[in-house]
*Asks:* 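Attaching a single structure in structure tokens format; questions to follow.
One-based numbering, in listed order, for ligands and for the atoms of each. Nothing fancy with the numbering, it's 1 onward along the sequence.
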Amino acid sequence: MDRLLDTLFPTAEEIPEAYRLGEPLEQRDYLVNGELRRWDGPLATVRSPVWLREGDEEHQVLLGSAPLLDADTALTALDAAVHAYDKGRGAWPTMRVAERIRHVEGFLGRMRLQREAVIKLLMWEIGKNLKDAEKEFDRTCDYIVDTIGALKELDRRSSRFELEQDTLGQIRRTPLGVALCMGPYNYPLNETFTTLIPALIMGNTVVFKPAKFGVLLIRPLLEAFRDSFPAGVINVIYGRGRETVSALMASGKIDVFAFIGTNKAASDLKKLHPRPHRLRAALGLDAKNPGIVLPDADLDNAVSESITGALSFNGQRCTALKILFVHEHVVDSFLEKFQAKLAALKPGMPWTPGVALTPLPEPGKIDYLNGLVSDAVSQGAQVLNPGGGQSRGSFFYPALLYPVNPAMRVYHEEQFGPVVPVVPYSDLQTVVDYVLDSDFGQQLSLFGNDPEAIGRLVDTFANQVGRININAQCQRSPDTFPFNGRKNSAEGTLSVHDALRVFSIRTLVATRFQDSNKQLISEIIRNRQSSFLTTDYIF
Ligand code: G3H
């Protein structure tokens with residue numbers, strides 16, 4: 001392991017030409033009211049999780065800097081969004097759906113041109129490996145395409161009138177107002193855009209603040225945002241959340257709060273809003289998804305799903321398997337197979353072909369993970385895998401901890417990193433109680449093959465979590481399926497289809513079904529005197 005760690009970080013010359021960076025990027029631009037403005041105030045230093053070897057020394061790569069806007073400047077972005085919405089009378093919220101779709105298609109075309117730049121920055125800023133970085137970019141583009149398709153479908157269904165109890169009505173989904181969109185550092189592009197794009201396409205205006213890491217990778221998209229939407233429809237700000245976002249929420253002018261992060265931060269920000277009943281929230285929050293291995297499980301499958309479930313992107317996924325309960329009759333064999341698979345995961349730099357384990361972007365994370373491991377070890381757990389828990393700079397080699405029990409912090413805390421706690425059980429009720437008593441309720445995985453046992457557990461857990469995965473790891477995809485959570489794990493449901501509903505409200509235009517009204521409505525439609533009252537069919 002020492003040798004591996006000694007040579008883990010490359011020298012500058014060892015970085016393949018295609019992935020080298022130039023000079024540090026001093027990013028001073030932010031987008032307000034259709035203009036890229038220059039910030040002359042203080043900047044935040046942006047560092048990479050990648051370190052470089054130079055002789056006997058290793059140092060963290062400096063990537064550049066990003067604006068640290070103050071509250072007043074953040075409020076100018078909010079004012080631009082409020083102005084563009086213009087109490088629902090702005091050009092964007094009143095635009096015909098087909099036209100709004102054209103703007104988003106224009107943006108998507110421009111975004112695709114930045115694929116290489118964004119993928120490179122995903123690797124350098126958050127340490128995501130090349131394959132996953134490419135997947136994140138392409139999945140985001142697919143999400144936009146699917147969102148456009150879903151909106152066309154929604155609009156086609158709204159283009160007809162309905163007759164109920166002598167009342168003629170047309171129902172359409174309309175925007176809510178100004179949306180604040182904030183994504184997480186582990187999917188700084190994808191998860192942010194799964195709220196940002198639906199918010200925009202439904203006619204809301206937006207203030208978008210990039211995640212705490214994965215900030216510079218939004219820069220290549222700023223011109224595309226600026227040129228693809230009317231002024232003020234999308235505004236991009238940077239800075240510390242407690243300074244900028246707090247001011248936005250306290251203004252009372254945010255109508256929709258889309259946030260992926262911790263439940264504590266979400267609660268603190270929601271509380272700042274002076275009229276909470278007027279704030280709709282779409283939140284993706286903490287999770288501690290368990291994997292439950294039953295005695296009759298196919299262990300090869302359970303292990304391979306648990307390895308990717310627990311360790312892809314180093315366990316930094318809200319959907320990661322964060323605790324494994326394995327029946328005592330199969331636990332030895334499970335652990336043996338797990339260790340073999342874990343040993344085959346390749347550590348390295350994000351661009352190294354086939355690499356699975358990469359450095360972590362969060363400062364202080366290595367200390368936190370060491371703290372979890374030493375707490376568990378001091379209470380009787382062992383790190384089973386050779387080299388488990390060893391670290392260098394920002395890199396932490398995964399630790400397989402066994403046996404874990406409720407006295408240990410890792411049994412309860414969301415590690416969000418490469419520590420895999422395994423709890424042996426004999427009485428399934430202890431596992432059921434863990435799920436029932438947990439503060440989280442996003443997903444879980446069941447591994448087993450007995451129809452009676454799996455059927456019963458599905459019923460037991462159906463009211464506890466948002467998704468039960470059978471013989472498969474937890475995950476968000478496919479994006480057309482609902483993604484949500486109970487308890488502290490989420491508010492609202494996202495999917496391509498649901499997100500359009502989260503960022504809109506149905507408005508009904510109704511009239512008594514009588515000749516004079518029929519004639520009136522027919523004329524409005526024939527003369528195209530309304531964007532709402534229309535039977536246009538979007539192809
Ligand atoms: O971090 C949470 C993400 O939504 C997980 O998405 O399951 O597709 O990795 P994923």
*Asks:* Using the side-chain contact (heavy atoms from CB on, under 4.5 Å) rule, take Ile197 and Ile148 through it: C-alpha gap first, then chi angles, then the decisive distance, then the call.
*Replies:* CA-CA 9 Å; Ile197 296 296; Ile148 291 170; over 6 Å; no

*Asks:* Once you measure the plane-to-plane angle for Trp351 and Trp124, does it fall in the parallel (<30°), tilted (30-60°) or perpendicular (>60°) bin?
*Replies:*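 Taking Trp124 first and then Trp351, their aromatic rings sit tilted (interplane angle of 30° to 60°).
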
*Asks:* Please determine whether side chain to side chain donor-acceptor pair (under 3.5 Å) holds for the pair Tyr185 and Glu125, giving the CA-CA distance in whole Å, both sets of side-chain angles, and the decisive distance to 0.1 Å.
*Replies:* CA-CA 9 Å; Tyr185 81 78; Glu125 280 194 271; over 6 Å; no

*Asks:* My understanding is that only one of Arg317, Arg409, Lys322 makes a salt bridge (Lys or Arg N to Asp or Glu O under 4.0 Å) with Glu414; could you say which?
*Replies:*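 Result for salt bridge (Lys or Arg N to Asp or Glu O under 4.0 Å) with Glu414: Lys322.
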
*Asks:* Classify the angle between the aromatic ring planes of Phe225 and Phe193 as parallel (below 30°), tilted (30 to 60°) or perpendicular (above 60°).
*Replies:*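 Phe225 vs Phe193 ring planes: tilted.
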
*Asks:* Taking the six-membered ring of Tyr187 as reference, does the NZ or CZ atom of Lys128 fall below 6.0 Å from its centre and within a 45° cone about the axis?
*Replies:*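 That pair qualifies as a cation-pi contact.
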
*Asks:* Extract all N/O-N/O pairs under 3.5 Å that connect ligand 1 to the protein, and present each with both atom names and the distance rounded to 0.1 Å.
*Replies:*
residue, atom, partner, partner atom, Å
ligand 1, 1 (O), Asn186, ND2, 2.8
ligand 1, 1 (O), Cys318, N, 2.7
ligand 1, 4 (O), Glu191, OE2, 2.2
ligand 1, 7 (O), Arg317, NH2, 3.0
ligand 1, 7 (O), Thr319, OG1, 2.7
ligand 1, 7 (O), Arg476, N, 2.7
ligand 1, 8 (O), Arg139, NH1, 2.9
ligand 1, 8 (O), Arg139, NH2, 3.0
ligand 1, 9 (O), Tyr187, OH, 2.3
ligand 1, 9 (O), Arg317, NE, 2.8
ligand 1, 9 (O), Arg317, NH2, 3.3

